[in-house]
Participant: 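One structure, pasted below without further comment.
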Amino acid sequence: MDVVRLLGVNVRHQRKLKGMTQEQLAAGAGMECSYVSDLERGTRNPSVAALGRIADALGIEPHLLLSNDLTI
């Protein structure tokens with residue numbers, strides 16, 4: 001799986017683990033909801049800063065969003 005798609009899968013997984021909607025995640029990260037939706041579908045290639053903001057909103061370390069291990 002390419003890294004952009006992997007990131008999207010992991011963002012969705014972590015968001016659902018936290019019981020958050022896309023709207024809640026977007027608000028917490030200071031982003032548009034459409035950006036989060038694109039990210040989760042693997043159609044948006046985020047900057048490192050955006051990756052950090054998403055991770056902060058999820059309360060996790062950024063590297064976990066690039067992990068192949070979804071059990072984290």
Side-chain angles (χ1 to χ4, degrees):
M1 177 179 321
D2 74 73
V3 71
V4 175
R5 180 74 183 118
L6 176 64
L7 174 65
V9 167
N10 286 342
V11 168
R12 177 176 287 137
H13 177 75
Q14 291 293 329
R15 177 178 61 79
K16 289 187 176 214
L17 280 177
K18 307 287 183 191
M20 297 172 78
T21 65
Q22 286 183 342
E23 291 83 4
Q24 291 169 323
L25 177 56
M31 300 174 169
E32 296 291 326
C33 187
S34 62
Y35 188 93
V36 172
S37 175
D38 290 347
L39 195 68
E40 288 187 359
R41 288 184 286 115
T43 61
R44 177 75 65 149
N45 190 4
S47 68
V48 173
L51 176 68
R53 289 175 25 212
I54 290 281
D56 284 346
L58 289 168
I60 61 173
E61 293 294 321
H63 73 273
L64 295 176
L65 295 176
L66 299 174
S67 173
N68 283 318
D69 184 7
L70 285 180
T71 62
I72 297 173

Participant: Locate the shortest heavy-atom distance separating Pro62 from Gly52; write the atom from each residue and the value.
Facilitator: CG-CA, 4.4 Å
Participant: What pairs with Glu40 under side chain to side chain donor-acceptor pair (under 3.5 Å), at least two apart in sequence or on another chain?
Facilitator: Arg12, Arg15, Gln22
Participant: Which pairs with one or both residues in residues 43-55 pass side-chain hydrogen bond (donor to acceptor under 3.5 Å, both in side chains), sequence neighbours excluded?
Facilitator: Asp38-Arg44
Participant: Return yes when atom CD of Glu23 has more than 12 non-hydrogen atoms of other residues, nucleotides or ligands closer than 6.0 Å, and no otherwise.
Facilitator: yes
Participant: Assigning hydrophobic clusters by single linkage (Ile, Leu, Val, Met, Phe, Trp, Tyr; side-chain heavy-atom cutoff under 4.5 Å), is Tyr35 placed with Val3?
Facilitator: yes
Participant: Testing the basics here: between Leu6 and Leu66, what is the closest heavy-atom pair and its distance to 0.1 Å?
Facilitator: CD2-O, 3.3 Å
Participant: Would you name the heavy atoms of Ala57 and Gly28 that are closest together and state the gap between them?
Facilitator: CB-C, 3.7 Å
Participant: Indicate the atoms forming the closest heavy-atom contact of Asn10 with Ser67, along with that distance.
Facilitator: ND2-O, 2.7 Å
Participant: Give me the atom names and distance for the closest heavy-atom approach of Leu58 to Val11.
Facilitator: CD1-O, 4.5 Å
Participant: Report the distance from atom CD of Gln14 to atom CG of Leu64, rounding to the nearest 0.5 Å.
Facilitator: 6.5 Å
Participant: What's the shortest heavy-atom distance between Gln24 and Gly19, and which atoms?
Facilitator: OE1-O, 3.8 Å
Participant: Less than 4.5 Å apart, side chain to side chain, heavy atoms only: is that true for Lys18 and Ile60?
Facilitator: yes
Participant: Do Pro46 and Ile54 have side chains that get closer than 4.5 Å, going by heavy atoms?
Facilitator: no
